[in-house]
Number of protein chains: 2
Amino acid sequence: MEQKIIDLLKRSSLSITDSRKKILESFFQENSALAHADIEDYVGEDFDRVTIYRTLQTFVDKGIIHTIPTPDNAVLYALCKDSCSAGHHHDNHVHFICDNCNKTFCLEHVVVPTVHMPVGFAASQIDMVVSGICNYCNATT
Amino acid sequence: MEQKIIDLLKRSSLSITDSRKKILESFFQENSALAHADIEDYVGEDFDRVTIYRTLQTFVDKGIIHTIPTPDNAVLYALCKDSCSAGHHHDNHVHFICDNCNKTFCLEHVVVPTVHMPVGFAASQIDMVVSGICNYCNATT
DNA sequence: AACATTTTGCAACATAGTTGCAATAGTGTA
DNA sequence: TACACTATTGCAACTATGTTGCAAAATGTT
Ligand SMILES: [Zn+2]
Ligand SMILES: [Zn+2]
Ligand SMILES: [Zn+2]
Ligand SMILES: [Zn+2]
């Protein structure tokens, strides 16, 4: 894991720092999307709030993580797949929010469908967020 | 307009107050979605910030307005159509955010498409937000 | 090891949203 | 219309969230 994280940072031409390693670790540890507060909990007292904000912004810029819009307007982040790079995200998958466990997942294999726009409107990006019960919660209740 | 607003409040069994009338007026005046700050600008010094928050929450509860999730996590509100009622919203239309004029619109006639979920996931609500250039901006540039 | 460049922590600030409570306004009834 | 009851509002204080400037510390390069 340590090596995987270092490689990812090098590939993105970012210097290897303790905070970046720890924050990336939190994403690899969890398989769901994380809010700023989740990461703050994970890293504990080790790093300043401001450092986390700036690191997340850096990761978004470099194509390492992407943000997820949610109906309740919390900011969530999740790892990108390899196809994303600095300045160019290609995360056109559906996001799923579980109403039971409250976790958010990238449905990597569910592509956002296109939709027919009214005359005059030109679409450049489409976000789709589905709420419901996730597979884990469905299996255990 | 005054009468239309009063009827809407009565139909929702809400008492008729100056702040509710003024805030509803702002929605009928604009044809796009509004953020809390927009409404604060519209009503000026007449009402407290807290009153606006509480009034918007009441309107959402009563099925008069609905919230719109946005990629940049701003909270937006827009008028519902008649089919919404207290506790039951049916705003299953696509929302459009213009990258140029920065306004957000309800595309009332564009229904959110269904999408096939992976095994184990049960969808109960789907939000779709499209970004691009709106018809007004396309016509004037 | 020494240097130049990034990154971090701190403090201070800005904005957004919430809560409790007393004062006020609205509604229904006499 | 006046009264009493209830709902709404304003204020103050508070929490949460996010940003900025700058000096100190860490990183990468020679
Ligand atoms: Zn991405
Ligand atoms: Zn995703
Ligand atoms: Zn509605
Ligand atoms: Zn809408």
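Every value quoted in this text rests on a predicted model; they were computed, and no experiment measured them. Per chain, numbering begins at 1; letters A, B, ... match sequence-line order. Note that these values count all heavy atoms, side chains included, but never hydrogens, waters or copies made by symmetry.
In this structure, CZ of Phe47(A) is placed 21 Å from P of dT6(C), rounded to the nearest angstrom. Between His36(A) atom NE2 and dA16(C) atom P there is a gap of 18 Å when expressed in whole angstrom units. Atom CZ of Phe59(B) is separated from atom P of dT8(D) by 10 Å (rounded to the nearest Å). The CD1-P distance, from Ile52(B) to dT19(C), rounds to 18 Å in whole Å. Remark: C1' of dT8(D) and CZ of Arg20(B) are 7 Å apart, rounded to the nearest angstrom. Atoms CD1 (Ile6(B)) and C1' (dG26(C)) sit 13 Å apart, rounded to a whole Å. Atom CG in Asp72(B) sits roughly 14 Å away from atom C1' in dG18(D) (whole-Å rounding). Atom CG of Leu56(A) and atom C1' of dT7(C) are 15 Å apart (whole Å).
Judged by distance alone, with hydrogens and angles left aside, Arg54(B) brings no side-chain donor or acceptor close enough to the base of dG17(C) to form a pair under 3.5 Å. At a cut-off of 3.5 angstrom, counting only N and O atoms as typed in the model, there is no donor on one side facing an acceptor on the other between the side-chain of Arg49(B) and the base of dG10(D).
At a threshold of 4.0 angstrom between heavy atoms, the contacts of Ser19(B) are confined to the sugar-phosphate backbone, with no base atom among them.
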- Dump the intermediate steps for ring-ring contact (aromatic ring centres under 6.0 Å, His included) on His66(B) and Tyr77(B), then the final yes or no. CA-CA 6 Å; His66(B) 59 280; Tyr77(B) 303 87; 9.3 Å; no
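With contacts defined as side-chain heavy-atom distances shorter than 4.5 Å, the pair Phe59(A)/Ile23(A) qualifies.
Residues Ile16(A) and Val50(A) each lie close to DNA chain D; by heavy-atom proximity, the contact nearer the 5' end of the strand is made by Val50(A). The nearest heavy atom of DNA chain C to Tyr53(B) and to Ser15(B) marks one nucleotide each, and the one closer to the 5' end goes with Tyr53(B).
Classified by interplanar angle (parallel below 30°, tilted 30° to 60°, perpendicular above 60°), the ring pair His93(B)/His95(B) is perpendicular.
Using a 4.0 Å cut-off between charged side-chain N and carboxylate O, Lys21(B) and Glu2(B) make a salt bridge.
Taking only side-chain nitrogens and oxygens, Thr51(B) never comes nearer than 4.0 Å to OP1 or OP2 of dT8(D).
None of Ile126(A), Val129(A), Asp127(A) except one satisfies the side chain to side chain contact (heavy atoms under 4.5 Å, CB included) rule with Val112(A); the exception is Ile126(A).
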